[in-house]
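Computation of the quantities below employed the complete heavy-atom set of this structure, encompassing side-chain atoms and omitting hydrogens, waters and symmetry-equivalent molecules. Naming convention: chains lettered A, B, ... in sequence-line order (proteins, then strands); numbering from 1 in each chain.
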Amino acid sequence: MPLIEGRSAVKLLPQEHIRLVETAIRSAQSSGALTAFDLPATIEIRPPKNPAQGDYACAVAMQLARTTGMNPFDLANTIAAHLPPADFVGAVEVLKPGFINFRLNENWLRVQIEQIISEGDALYQLHLGDGQRAQVEFVSANPTGPLHVGRSRGAMVGDTIARILEAAGYSVEREYYFNNAGVQMTNLGNSLRVRYLEALGMPVQIPAEDDTTFYQGDYLKDFARDLAAERGDSLTEADWQPFKEYAEKRMFEIIKTTLRRVNVQHNIFFNENSLYESGAVWQTLDALKDSGHIYQAAEWDGATEAEKQKAAGKAPATWFRSSALGDEKDRVLVKSDGAPTYTLPDIAYHMNKINRGFDLLVNILGADHGAQYKVVQYGVNALGKDASKIHVVIIQLVRAVRDGKEVKMSTRRGDYDTLDDLIDLTSADVVRYMLLARSPDSHLNFDLDLAVKQSNDNPVYYIQNAHVRCAGILREAESRGLTDADADLTLLGAAEGRFLRKALELGEVIAISAQGLEPHRIAFYAHELAGVFHPIYDEVRALHGDVAPEVQRARLRFYRAAQVVFKRVLMLMGMSAPERM
RNA sequence: GCCCCCGUAGCUCAGGGGAUAGAGCAGCGGUCUUCUAAACCGUUGGCCGGGGGUUCGAAUCCCUCCGGGGGCGCCA
């Protein structure tokens, strides 16, 4: 994803500082203080860990020491001497090896309170993706059962990525891709049929637990009871099909309702079957044939002896020569019985997405599907389209832990933990945060005991309480007839400055999260921000009796801005921003 | 065997090549006469899995080994 220069009413401070440094280097060069050389491709500016080293630090002098032949300390001083003035800069200091350390202008910092309040819910609405359309495809579970904890992680990550891309300026669509054909759905229909006959009191044999073709979940008994009530015994002679259709309809209602509980709503539900109805699947195959990537054979060209033996006597299948494009082996697109594998419609689906004109495609996949996307990319490339705009986020698996032991989750057996169960046990906000606050690359242990038992000192409440506290002060102020209008913000102290410094990092957090498709950064940032806030809330009292009225007004203004920041951050994570708890 | 992810405090996890590696929980010791306890203050705790390399500088990049998870189907 290209990072176009961000614009925002509230400044993206790292970029602003980089601009100053670049200007300084160029003007030092034109004045002869520095020799001519190309600017480094990237100049790093970020808040140092140690606050004594300033608000933003730049290590460019060390980067340039070799190319200029100067020692970094002298180089840093030369650059610093040529820095143009800027309203947000308070002081510049050059330290030890060659760091240029910037300190924000204190008055400028405090005045940002007005900017923050005026931007409100659109705080740090960036323009990195302006004019571009993005699509995030996520969840995409087939309607064979309720969403379980494992799937839920992708739901939270996908929706939050969508929110972050929106904040970065993209126009975003959320899509759910599903398949309502295939063996699993047939099994679902057959399973409901058995339950239906059972509900009518007819003699049936319930398949054993280890029967992998039978869905044991209790929800099918509910469906069966309702179906028996609606249709009586009119379906006793029917095959699996009407049962599958009924089960699918009910299942989707449940899935959508569950997702809505955690603030997830898709714009489009894309049925794989439509790719067959439109002819897209076979057109895709024809196009691949025309481009010379297809052959008919019983086994693939590079088959081992073992594979050859396995394939012996099989009718020819249709192969995609993906190994020529970098794949480990070729892939079957059409089985010997004439039916396509999932790979062919998957390629057709992604061609469909690209042809819909999206500039950025994001695909959220579980690690168990991690190998599949490469084949799709080979397919898209083979058809002459640019697969690089498809970005795949692989989510590592969630392991549910209860009593210190792993809880196995199986949709078929029915003893899994559903997302609904989890929401009932905790809350939508807790579930969203816990599934979000981890790098997608990291395996996630979801401790079910902890999620319930310790919900009272959960980070979720820590963050939300910051918003609640701001709301509480402003509510109390209003009831006392106090106003924060026309506040003299220069009356605010160092503690408020600490919060504002942190608050002004939000834009950069959004930019980096969007660029790297890393929504967990927002979750960690939110917690850090609350960690800066709470001590200040303790220390800086607005409505206390001995606070002078004009100071009081400034502090109320500060808490109003703080509330805006917390609300914005909570909304980015799809969480609620409560006024009271 | 091959491919992907992970290995950082007792536990769960952050850390986009930079300065003395962080947070939460757990542990220990304190704080509610206040708009303020789902909160605050103090404190204990690390050969960043091992070994090489690149770099002025490595938890971060490269190689290798060890350990854990996932994937390697004419299933989806």
Side-chain angles (χ1 to χ4, degrees), chain A residues 42 44 46 48-50 52-53 57-59 62-63 65-66 71-72 95-99 101 141-142 144 179 182-184 272 298-300 310-311 314-319 328-329 331-337 339-343 346 366-372 374 394-397 399 434 437-447 450 454-466 468-469 472-477 479-480 482 508 511-513 515-516 518 520-521 523-525 527-528 530-531 533-539 541-547 556 559 581:
Chain A
T42 57
E44 293 277 329
R46 68 178 61 179
K49 282 175 237 163
N50 184 350
Q53 293 162 343
C58 182
M62 270 85 81
Q63 281 177 267
R66 168 165 294 206
N71 90 59
L95 280 182
K96 295 191 288 184
F99 289 100
N101 294 341
N142 291 338
T144 55
N179 170 7
V183 180
Q184 289 183 20
E272 178 188 314
E299 74 238 353
W300 74 289
K310 241 176 146 182
K314 274 196 176 173
T318 304
W319 293 82
E328 308 166 357
K329 56 171 291 189
R331 310 285 170 174
V332 171
L333 295 186
V334 183
K335 298 183 264 185
S336 18
D337 66 3
T341 62
Y342 58 92
T343 303
D346 225 9
D368 52 341
H369 291 224
Q372 169 63 4
K374 283 186 184 161
I394 303 286
I395 308 282
Q396 296 305 312
L397 298 185
R399 191 197 344 246
M434 290 189 75
R438 218 135 300 184
S439 159
D441 284 340
S442 170
H443 299 263
L444 193 158
N445 276 336
F446 200 119
D447 190 324
L450 204 74
Q454 296 204 335
S455 63
N456 273 356
D457 49 13
N458 195 295
V460 173
Y461 298 101
Y462 188 73
I463 296 163
Q464 287 182 323
N465 191 33
V468 168
R469 286 179 142 183
I473 289 178
L474 295 167
R475 193 165 54 234
E476 176 66 19
S479 77
R480 295 188 193 181
L482 300 171
E508 187 71 359
I512 291 169
S513 300
Q515 255 183 301
E518 297 170 321
H520 69 286
R521 291 179 183 276
F524 282 94
Y525 171 78
H527 195 264
E528 287 170 18
F533 175 83
H534 285 300
I536 294 170
Y537 182 79
D538 234 39
E539 179 188 337
R541 289 147 200 254
L543 302 178
H544 209 52
D546 57 6
V547 177
L556 288 174
Y559 283 114
M581 285 198 319

Inset, instruction - Keeping the roles fixed (side chain from A:N179, backbone from A:E272), state whether a donor-acceptor pair exists under 3.5 Å. - result: no
Inset, instruction - Could you tell me which nucleotide pairs with B:G46 by Watson-Crick or G-U wobble geometry, both distances under 3.5 Å, or answer none if nothing does? - result: none
Legend entry - A:N445 CG to B:G7 P, straight-line distance once rounded to whole Å: 13 Å
Inset, instruction - Indicate, with a heavy-atom threshold strictly under 4.0 Å, whether A:L444 touches base, sugar-phosphate, or nothing. - result: sugar-phosphate
Legend entry - Same-atom distance (C1') from B:G67 to B:G49, integer angstrom: 8 Å
Inset, instruction - Determine the contact category for A:N101: base if any of its heavy atoms lies under 4.0 Å from a base atom, sugar-phosphate if only primed atoms, P, OP1 or OP2 are that close, otherwise nothing. - result: base
Inset, instruction - Please state how far atom CD in A:Q63 lies from atom C1' in B:G16, giving the value in whole angstrom units. - result: 13 Å
Inset, instruction - Mark this stacking check for A:F524 against B:A14 as yes or no, applying ring centres under 5.5 Å and ring planes under 30°. - result: no
Legend entry - Heavy-atom donor-acceptor pair, A:S513 side chain to A:R521 backbone, under 3.5 Å: no
Inset, instruction - Give the ring-plane orientation class for A:Y462 versus A:H534, where under 30° counts as parallel, over 60° as perpendicular and anything between as tilted. - result: tilted
Inset, instruction - Give the rounded distance in Å between these two atoms: NE2 of A:H520 and P of B:G22. - result: 19 Å
Legend entry - Interatomic distance where CD belongs to A:Q396 and P belongs to B:C13 [whole Å]: 12 Å
Legend entry - Residue matched to B:U31 through Watson-Crick or wobble contacts both under 3.5 angstrom: B:A39
Legend entry - A:K49 vs B:G22: side-chain N/O to OP1/OP2 distance below 4.0 Å: no
Inset, instruction - In whole angstrom, give the distance that lies between atom CZ of A:F446 and atom C1' of B:C11. - result: 16 Å
Legend entry - Below 4.0 Å: OP1/OP2 of B:G17 and any side-chain N or O of A:R46: yes
Inset, instruction - Kindly say whether, by distance alone, the side chain of A:H443 makes a donor-acceptor pair under 3.5 Å with the base of B:G68? - result: yes
Inset, instruction - Would you classify A:N50 as touching base, sugar-phosphate or nothing, given that sugar-phosphate means primed atoms plus P, OP1 and OP2, and contacts are heavy atoms under 4.0 Å? - result: base
Inset, instruction - Write down the distance between CD (A:E539) and P (B:A37), rounded to a whole number of angstrom. - result: 17 Å
Legend entry - Nearest to side-chain heavy atoms of A:P535, which nucleotide of B:C6, B:C40, B:G18: B:C40
Inset, instruction - May I have the distance from A:E528 (atom CD) to B:G15 (atom P), rounded to whole angstrom? - result: 10 Å
Legend entry - Opposite nucleotide pairing with B:G7, Watson-Crick or G-U, both atom distances under 3.5 Å: B:C66
Inset, instruction - Identify whether any heavy atom of A:F99 sits under 4.0 Å from a base atom; if not, whether one sits that close to sugar-phosphate; answer base, sugar-phosphate or nothing. - result: base
Inset, instruction - Using a 4.0 Å heavy-atom cut-off across all strands, classify A:A57 as base, sugar-phosphate, or nothing. - result: base
Inset, instruction - Using a cut-off of strictly less than 4.0 Å, decide whether A:S442 has a side-chain nitrogen or oxygen near OP1 or OP2 of B:A14. - result: yes
Inset, instruction - Between A:H534 and A:I394, just flag the one whose closest nucleotide in RNA chain B comes earlier from the 5' side. - result: A:I394
Legend entry - Paired nucleotide for B:G16 [Watson-Crick or G-U wobble; both distances under 3.5 Å]: none
Inset, instruction - Could you check which nucleotide pairs with B:U54 in any of the strands shown, counting Watson-Crick or G-U wobble with both distances under 3.5 Å? - result: none
Inset, instruction - Heavy atoms under 4.0 Å is the rule here; annotate nucleotides 30-35 of chain B 5' to 3' with B where the base is hit, S where only the sugar-phosphate is, and - elsewhere. - result: ----BB
Legend entry - Spacing between A:H527 atom NE2 and B:A39 atom C1', to the nearest angstrom: 12 Å
Inset, instruction - Summarise protein proximity over nucleotides 71-76 of chain B in one line of letters, 5' to 3': B for base, S for sugar-phosphate only, - for none, counting protein heavy atoms closer than 4.0 Å. - result: SS-BSB
Inset, instruction - Would you mind classifying the nucleic acid contact of A:T318 as base, sugar-phosphate or nothing, using non-hydrogen atoms under 4.0 angstrom? - result: nothing
Inset, instruction - Determine if the base of B:C32 is syn or anti; take syn to mean the glycosidic torsion is within 90° of 0. - result: syn
Inset, instruction - Using atom types as modelled and distance alone, determine if a side-chain donor or acceptor of A:R331 lies under 3.5 Å from a backbone N or O of A:T341. - result: no
Legend entry - Distance-only side-chain donor-acceptor flag, A:Q184 / A:N142, under 3.5 Å: no
